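Model, not experiment: these values are computed from the prediction. When reading the values below, keep in mind they use all heavy atoms of this one structure, side chains included, and skip hydrogens, waters and symmetry mates. Below, chain A is the first sequence line, B the second, and so on; all start at residue 1.
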Amino acid sequence: MKTDQPTAMSPRPNDRYNARAAEPKWQKVWEERGAFRTPDAAGASGRPKYYVLEMFPYPSGRIHMGHVRNYTLGDVIARYKRARGFDVLHPMGWDAFGLAAENAAMEKNLHPKGWTYDNIAAMRAQLKAIGLSIDWEREFATCDPEYYGHEQALFLDFLEAGLVSRKKSMVNWDPVDNTVLANEQVIDGCGWRSGAPVERRELTQWFLNITDFADELLAGLETLEHWPEKVRTMQRNWIGRSEGAKVFFTLEGIADDPDYRLEIFTTRPDTLFGASFCALSPHHPLTQKLAADNEALQAFIKKCDQIGTSEEAIETAEKMGFDTGLTARHPFIEGKTLPVYVANFVLMEYGTGAIFACPAHDQRDLDFARKYKLPVIPVVAPKEMDAAAQAGFIEELAAHGTNAFTGDGVAVNSGFLNGLDVTAAKRTAIEKLEAMKLGQGTINYRLRDWGISRQRYWGCPIPVVHCDDCGIVPVPREQLPVVLPDDVTFDKPGNPLDRHPTWKHVDCPKCGKPARRETDTFDTFVDSSWYFARFCAPKAAGPTDRAATDRWLPVDQYIGGVEHAILHLLYSRFFTRAMHRLGHVGLDEPFARLFTQGMVNHETYRDADGRWLPPSDVTIETAGGTRIAKRISDGAAVTIGSVEKMSKSKKNTVDPDDIIQQYGADTSRWFMLSDSPPERDVQWTDAGAEGAWRFTQRFWRLVTATPDELAEIGTATPNDFDEASLALRRAAHKALDALTDDIENLRFNRAVARIYELANAISGFTASNEAGKWAKREALEMMVLAAAPMMPHLAEECWAALGHETPAVDTEWPVADKALIVEDSVTIAVQVNGKRRDELTIARDADNETVERAALALEKVGKAIDGKAVRKVIVVPGKIVNVVV
RNA sequence: GCCCCUGUGGCGGAAUGGUAGACGCGGCAGACUCAAAAUCUGUUGUUGGCAACAACGUGCUGGUUCGAGUCCGGCCAGGGGCACCA
């Protein structure tokens with residue numbers, strides 16, 4: 001860092017822009033004017049609405065640069081739309097429940113509530129220092145009893161509507177966080193927060209029936225044309241729709257249940273004639289039943305579980321099977337039976353947990369069949385082969401093929417399916433199965449119902465009571481919210497709610513006998529699945545206010561990290577549909593436009609012992625083009641490492657507070673917007689921050705350098721501009737026009753470049769008469785207003801310096817004069833055989849023949865043609881001339 | 001393995017199929033200054049040339065086109081997502 005910082009104030013007021021003084025001043029002005037307050041429902045304004053939302057933060061205690069970037073992006077849009085005449089809703093809140101609060105409670109002996117609200121206070125102050133155009137009157141935290149009380153009411157609505165179920169099932173148990181995790185929260189077999197390998201446990205849990213909406217959620221993706229294709233693809237894959245059939249195999253060999261029918265799922269019913277065995281998941285109920293009195297099978301199951309479902313173990317894991325001795329009757333081939341194995345590659349979580357295997361047309365089945373010497377029976381042959389080639393192909397595959405044939409083809413060796421292509425064969429096979437009552441066509445989803453029970457304290461209590469006589473009894477609505485008790489202890493592992501002496505003991509709301517409260521709390525993703533609807537009317541008596549949600553939803557622009565592509569964004573889409581069904585909102589898709597911004601990265605530094613060093617401990621000198629890093633405290637050598645996402649573990653973080661103290665909020669905002677397109681990662685560098693800081697000063701100087709020159713300029717447009725003044729006006733209107741388009745399309749890095757271009761044009765201009773002064777003033781005002789969404793405080797200061805009494809925030813967006821943008825003459829390139837040889841400036845409305853003649857007359861063009869015959873001349877008006885010889 | 005994205009100067013990045021490198025960072029040279037900081041001016045893709053200028057240049061390689069960073073095919077590299085999904 002260099003030494004010149006805004007702390008050193010010059011006595012001359014115009015010399016240095018003092019961000020530390022100006023920023024709080026203007027924030028206060030905005031607040032006093034209520035500039036960012038928005039009415040809940042449609043007022044008399046008649047203005048169109050625009051809802052800008054950034055994913056609300058978890059109150060960890062401090063904001064980080066990722067927050068600065070996220071909220072700056074949203075703020076530019078919000079301020080711009082406001083200037084364009086929209087009623088803008090731009091709220092802020094806190095996703096405040098979660099494990100970190102409990103961990104802090106255990107580590108630092110604090111109460112999660114106090115810890116959370118203290119953090120919120122600290123982060124609110126930090127966010128306010130950025131100068132965001134937020135309607136703070138709408139602020140809430142999801143841990144406010146008022147908010148989660150409404151969430152409990154929503155849950156009861158869902159319960160009544162049959163959108164909730166309580167099921168005993170295998171769940172993902174995080175042994176470190178001591179809680180259940182949703183499938184979406186298990187990454188590579190480990191808990192998404194703790195990183196600990198997840199265990200399987202059978203528990204009774206509350207589920208939200210998201211699978212009821214699987215088809216809708218999938219179809220709805222097609223309507224989200226303003227979402228990144230990447231996110232839509234990820235959701236599509238997550239939902240994982242596949243069409244196929246259930247087939248019921250009658251099993252022989254189960255003594256106590258001779259009519260047992262094994263249900264399997266397949267997407268390839270057309271290959272049934274090629275079946276050579278059936279396989280059960282190690283966790284299939286039948287496997288468990290057989291294992292009860294079979295030690296060898298128990299040992300096999302254990303072996304499968306050890307390999308685990310994690311990591312690349314799966315990739316290299318060998319197929320393993322255990323022959324149960326049972327056999328399954330083939331549905332189509334009279335008298336044929338198939339051996340039934342338990343196989344490690346069959347997942348209980350997908351389909352029915354059991355398969356039939358056709359080794360010739362499935363790679364896994366083939367691997368298994370080769371290992372256990374099971375038959376390989378090809379039943380699909382490539383179409384484009386002749387009969388002899390097909391016969392050869394089949395023989396080769398059956399005898400010693402190691403690559404299953406999964407492509408399209410024609411059915412062979414398949415009885416009534418012979419000759420049909422794959423699609424037709426599937427359909428015919430399903431019809432036959434259905435006629436025989438041995439199967440049915442079905443659609444299978446990868447998506448599971450959403451398990452929302454968490455065995456934790458710091459979350460929204462699930463509003464039900466367990467009564468020995470009445471069973472599950474919903475808490476009566478007049479008793480909501482079910483408030484978390486404050487007097488809890490964290491000295492032992494487990495759920496503090498469960499061991500609280502009195503909280504869970506209540507009388508049954510139905511029969512009045514002693515009963516127990518549910519002590520599980522909601523997954524925190526429930527909290528964030530509807531907050532955008534609550535923001536529309538945060539004080540509403542019910543969860544939502546229909547007039548307000550009808551006015552404001554959908555969110556017109558949603559901004560956040562791509563890490564929520566599945567979790568939060570899928571859950572919110574589900575919640576919106578469920579709420580729509582119950583009348584809480586009037587639409588299906590909550591977020592019309594989604595923007596996923598890139599991360600903020602920084603160089604990493606390590607000392608001689610390999611320990612990470614924070615940037616604040618490192619100084620960098622540039623000597624002869626090479627950068628040398630040293631530790632500030634003792635000058636010890638520091639190794640500069642790769643550029644990585646800012647993270648605590650690598651210590652490569654920069655504290656936004658420090659940056660705002662040093663340079664001001666506008667400089668941070670400017671830098672965040674300037675270097676990279678917002679969807680890409682941006683690297684925070686001192687040099688870049690200083691460049692942004694220098695520009696804020698230059699901007700200020702440009703506006704304030706010649707106050708006398710600009711004083712007392714009339715408002716009427718002069719009509720006697722000289723060439724230079726006209727050129728400045730053109731540059732200003734052009735820059736404004738392009739910048740407006742850039743902001744509309746979220747290309748903020750280009751918008752920044754337009755401001756630089758305009759600043760450069762103004763710098764190079766000297767007014768030589770009154771009209772020139774007028775032009776300069778016009779350009780300056782355009783520059784200030786155009787930069788206002790990005791650097792709002794500096795813009796206000798400049799706007800006031802230009803003599804305006806109404807703040808920039810309440811000034812309309814300037815409109816570029818199109819007549820000034822279109823120039824009379826254009827410069828067009830002249831190519832010979834596609835190679836640029838010269839350029840020519842010619843009247844914009846010159847006809848093609850004139851342009852062609854002028855182009856051919858150019859000396860360099862003549863040289864390039866070199867006496868050859870001109871075969872063709874292509875003239876693209878205003879763009880280019882290409883002479884073909 | 002499957003799907004998606006990205007490859008452009010020293011760096012971040014601009015370029016509706018039409019003058020590649022806008023704008024910024026960094027570098028170099030100069031002005032101002034006793035000196036420094038700050039600021040301002042010029043310059044800056046590579047190679048050759050005093051210069052005018054020429055040649056070459058968007059990961060590689062074919063193609064379409066009057067014209068390709070952009071479109072199409074095939075590779076290579078980096079990043080991300082999914083993954084024994086029947």
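- Here A:Arg754 lies out of heavy-atom contact (under 4.0 Å) with every strand.
- Mapping A:Arg364 and A:Asn833 onto RNA chain B by nearest heavy atom places A:Asn833 at the nucleotide closer to the 5' end.
- Using a 4.0 Å heavy-atom cutoff across all strands shown, A:Lys863 reaches no nucleic acid atom at all.
- Pair check for B:rU19 finds none; no Watson-Crick or G-U wobble contact set falls under 3.5 Å.
- Among the heavy atoms of the strands lying under 4.0 Å from A:Phe265 is at least one base atom, whether or not backbone atoms are also near.
- One C1' atom belongs to B:rC3, the other to B:rA54, and the distance between them is 47 Å to the nearest Å.
- Out of B:rA20, B:rC25, B:rG12, the shortest distance to the side chain of A:Arg836 is found at B:rA20.
- Put simply, the side chain of A:Asn237 and the base of B:rC82 share no donor and acceptor less than 3.5 Å apart.
- Among the nucleotides B:rG67, B:rA22, B:rU16, the one closest to the side chain of A:Lys879 is B:rU16.
- Taking the charged nitrogens against the carboxylate oxygens, A:Glu222 and A:Arg236 do have a contact shorter than 4.0 Å, which makes a salt bridge.
- Taking for each of A:Val876 and A:Pro677 the nucleotide of RNA chain B with the nearest heavy atom, the 5'-most of the two is the partner of A:Pro677.
- Base orientation of B:rG9: syn (glycosidic angle within 90° of 0).
- Using a 4.0 Å heavy-atom distance criterion, A:Val346 is classed as a base contact.
- Here A:Ser674 lies out of heavy-atom contact (under 4.0 Å) with every strand.
- Residue A:Ser763 is out of contact with every strand shown, counting any heavy-atom pair closer than 4.0 Å.
- A salt bridge is defined here as a Lys NZ or Arg NE, NH1 or NH2 lying under 4.0 Å from an Asp or Glu carboxylate O, and A:Glu243 with A:Arg241 meets this definition.
- Look at B:rG48: its Watson-Crick or wobble partner, with both distances under 3.5 angstrom, is B:rC53.
- Pairing of B:rC25, defined by two Watson-Crick or G-U wobble distances under 3.5 Å, is identified with B:rG10.
- Proximity note for A:Ile880 (side chain, C-beta onward) versus B:rA38, B:rG13, B:rU19: the nearest is B:rU19.
- No contact: A:Arg871 has no heavy atom under 4.0 Å from any strand.
- Residue contacts for A:Val884: at a heavy-atom cut-off of 4.0 Å it reaches the sugar-phosphate backbone alone, with no base atom in range.
- Base pairing analysis places B:rG73 opposite B:rU61; the two distances defining the Watson-Crick or G-U wobble pair are each below 3.5 Å.
- We find that OH of A:Tyr756 is positioned 6 Å from C1' of B:rG24, with the value rounded to whole Å.
- At the heavy-atom level, A:Glu757 lies under 4.0 Å from the strands shown only through sugar-phosphate atoms.
- Considering A:Asp270, A:Thr271, A:Thr266 in turn, A:Asp270 is the only one that fulfils the side chain to side chain donor-acceptor pair (under 3.5 Å) rule with A:Arg268.
- Distance check on atom P: B:rA22 versus B:rG10 gives 14 Å, rounded to whole Å.
- With a 6.0 Å cutoff to the six-membered ring centre and a 45° limit on the axis angle, A:Arg446 counts as a cation-pi contact of A:Trp238.
- Contact annotation: the side chain of A:Arg364 approaches that of A:Lys319 to within less than 4.5 Å [non-hydrogen atoms, C-beta and beyond].
- The side chain of A:Arg837 lies closest to B:rA54 when the candidates are B:rA38, B:rA54, B:rU16.
- Atom name C1', nucleotides B:rU8 and B:rC56: the rounded distance is 15 Å, in whole Å.
- The only option from A:Arg754, A:Glu744, A:Arg747 that meets the side chain to side chain contact (heavy atoms under 4.5 Å, CB included) definition with A:Leu739 turns out to be A:Arg754.
- Of the nucleotides present, B:rC5 is the one that pairs with B:rG78 by Watson-Crick or G-U wobble criteria, both distances under 3.5 Å.
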